[in-house]
Amino acid sequence: MHTVQVETPGGHYPIHIGAGRLDAVADSIPADATAIAIVTNTTVGALYGARLRAALEAAGKPLLTIELPDGEQYKTWESLDRIFDALLAAALDRKAVLVALGGGVVGDICGFAASCYMRGIRFVQVPTTLLAQVDSSVGGKTAINHPRGKNMIGAFYQPLAVEIDPHVLATLPAREISAGLAEIIKYGMIADAGFFDWCEAHVDALRALDDQAIRHAVRRSCELKAWVVSQDERESGLRAILNFGHTFGHAIESGLGYGQWLHGEAVGCGMVMAAELSARAGSLDAAAVDRIRALVSAIGCPVDPPGLGADRWLDLMRVDKKNEGRRIRYVLLPALGQAEVRAVDDDVVRPLLPGTAQS
Ligand code: NAD
Ligand code: MG
């Protein structure tokens, strides 16, 4: 087992990475916990709920399971209320511990529920998608969606621990693996050129979920994310570099309608576009852009942006949280392995934005 330590003002906690961690989650339940509530969804609950329950019985506490419907469309106030209803019906007190078993949707809702129930109770993340293992379970962002926007209602709230068992990825659909790999290669592009080289060399092993390759990639990704959030827990500066590819990616997701492309697929394509912009508006060399496009394609993500029309692209990108005023700010790569956030004039970006017959 590997341990990566996360140190933020909001909490210090370990990320445990290793085969069999699903059966050892009781290690992360504090002795003074009065009860444990597992929050999961119907899909993940059916696959791993019984195993986790059996493992948690070792903690010797009253145990409750709350199963939500599966899907981003249920990342809502209603789901949050279902959790509160179940916790109150079982009379769980402030020393109860929540355990999030699932992907980013379950982790984000459960974390937010933990941040509000009785003004805050402890929780443990057990991420079961590749994206959740390398991204959403680490760093303490929790949220639900509002009809007017994704992740609009939430809190920064750090877990007690993150328990990552790479073996649970065996049941994940291939598209979800590709989407998680997009966030993994992102860390190499923005912060560790050596890790980018390693990803290029191990892309087949990663897609095949080779044990050693996945363990290394998850560990390095968690280390890099932990390093970024330890310096900027609440995204007042450095943390924004984690949004590399996301300005274009979010425009793809909302322009095509959420759910058409997976988030990681949109980010994959968005990273190719952001690399092209880094060459056009900055100092990234053409060879690095080619390597980024080739790696995004090799992990199984699309590299050709959809035709939304340049004006629509720009409108969609103007709603990004990084912006100040009307100028759009982008995460750019001065070189492979380095990132900076900078505003770029629309005229420089336009040639990268494919139009449609209608536009
Ligand atoms: P998800 O949680 O919807 O999971 C994807 C699908 O895989 C779901 O159908 C899920 O039921 C299924 N699944 C999960 N684990 C499985 C397994 N082991 N085997 C088979 N199926 C499994 O999606 P996601 O990509 O994990 O997370 C996306 C969410 O994460 C979004 O809501 C996004 O806003 C959020 N997010 C949060 C952060 C953060 O910092 N908090 C960062 C990135 C993304
Ligand atoms: Mg992302």
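When a ligand or atom number is given, it counts from 1 through the structure's own listing order. Residue numbers count from 1 along this sequence. Just so it is clear, the structure is predicted and the values come from calculations on it, not from any experiment.
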Nitrogen or oxygen atoms of [X] and ligand 1 under 3.5 Å apart:
| X | answer |
| --- | --- |
| Asp108 | yes |
| Leu131 | no |
| Val105 | yes |
| Asn151 | yes |

What protein heavy atom sits nearest [atom], and how far away is it?
| atom | answer |
| --- | --- |
| atom 20 (C) of ligand 1 | Thr171 O, 3.2 Å |
| atom 38 (C) of ligand 1 | Ser136 CB, 3.2 Å |
| atom 8 (C) of ligand 1 | Asp70 OD1, 3.4 Å |
| atom 21 (N) of ligand 1 | Leu172 CD1, 3.8 Å |
| atom 15 (N) of ligand 1 | Thr128 OG1, 2.7 Å |
| atom 31 (C) of ligand 1 | Glu72 OE1, 3.2 Å |
| atom 14 (C) of ligand 1 | Thr129 CG2, 3.3 Å |

Where the side chain of [X] meets the backbone of [Y], is there a donor-acceptor pair that is under 3.5 Å apart?
| X | Y | value |
| --- | --- | --- |
| Lys186 | Leu242 | yes |
| Gln133 | Pro127 | yes |
| Asp345 | Val348 | no |
| Tyr258 | Glu72 | no |
| His246 | Phe244 | yes |
| Ser137 | Ala132 | yes |

Numbering the atoms of ligand 1 from 1, which are under 4.0 Å from a heavy atom of [X]?
| X | result |
| --- | --- |
| Leu47 | 19 (N), 20 (C) |
| Asp135 | 42 (C), 43 (C) |
| Asn41 | 10 (C), 11 (O) |
| Glu176 | 5 (C), 6 (C) |
| Tyr48 | 18 (N) |
| Lys225 | 40 (O) |
| Lys75 | 31 (C), 32 (O), 33 (C), 34 (O), 35 (C) |
| Lys150 | 34 (O) |

Under-4.0 Å protein heavy-atom contact, atom 10 (C) of ligand 1: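 Yes, at least one protein heavy atom sits under 4.0 Å from atom 10 (C) of ligand 1.
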[X]/[Y] ion pair, N-O < 4.0 Å:
| X | Y | result |
| --- | --- | --- |
| Asp32 | Lys61 | no |
| Asp346 | Arg326 | no |
| Arg291 | Asp197 | yes |
| Asp290 | Arg293 | yes |
| Arg219 | Glu223 | yes |

Please report the closest heavy-atom contact between Thr128 and Gly103, naming both atoms and the distance. OG1-N, 3.5 Å
If I take the Mg ion (ligand 2) as the centre, what angle separates the NE2 atom of His263 from the NE2 atom of His246? Nearest 10 degrees is fine. 100°
More than 12 non-hydrogen atoms from neighbouring residues, nucleotides or ligands closer than 6.0 Å to CZ on Phe84, yes or no? yes
On a heavy-atom basis, I'd like to know which of Gly102, Gly104, Ala179 is closest to atom 24 (P) of ligand 1.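 It is Gly104 that holds the nearest heavy atom.
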Please name the atom of Glu183, limited to N, O or S, that comes nearest to the Mg ion (ligand 2). OE2
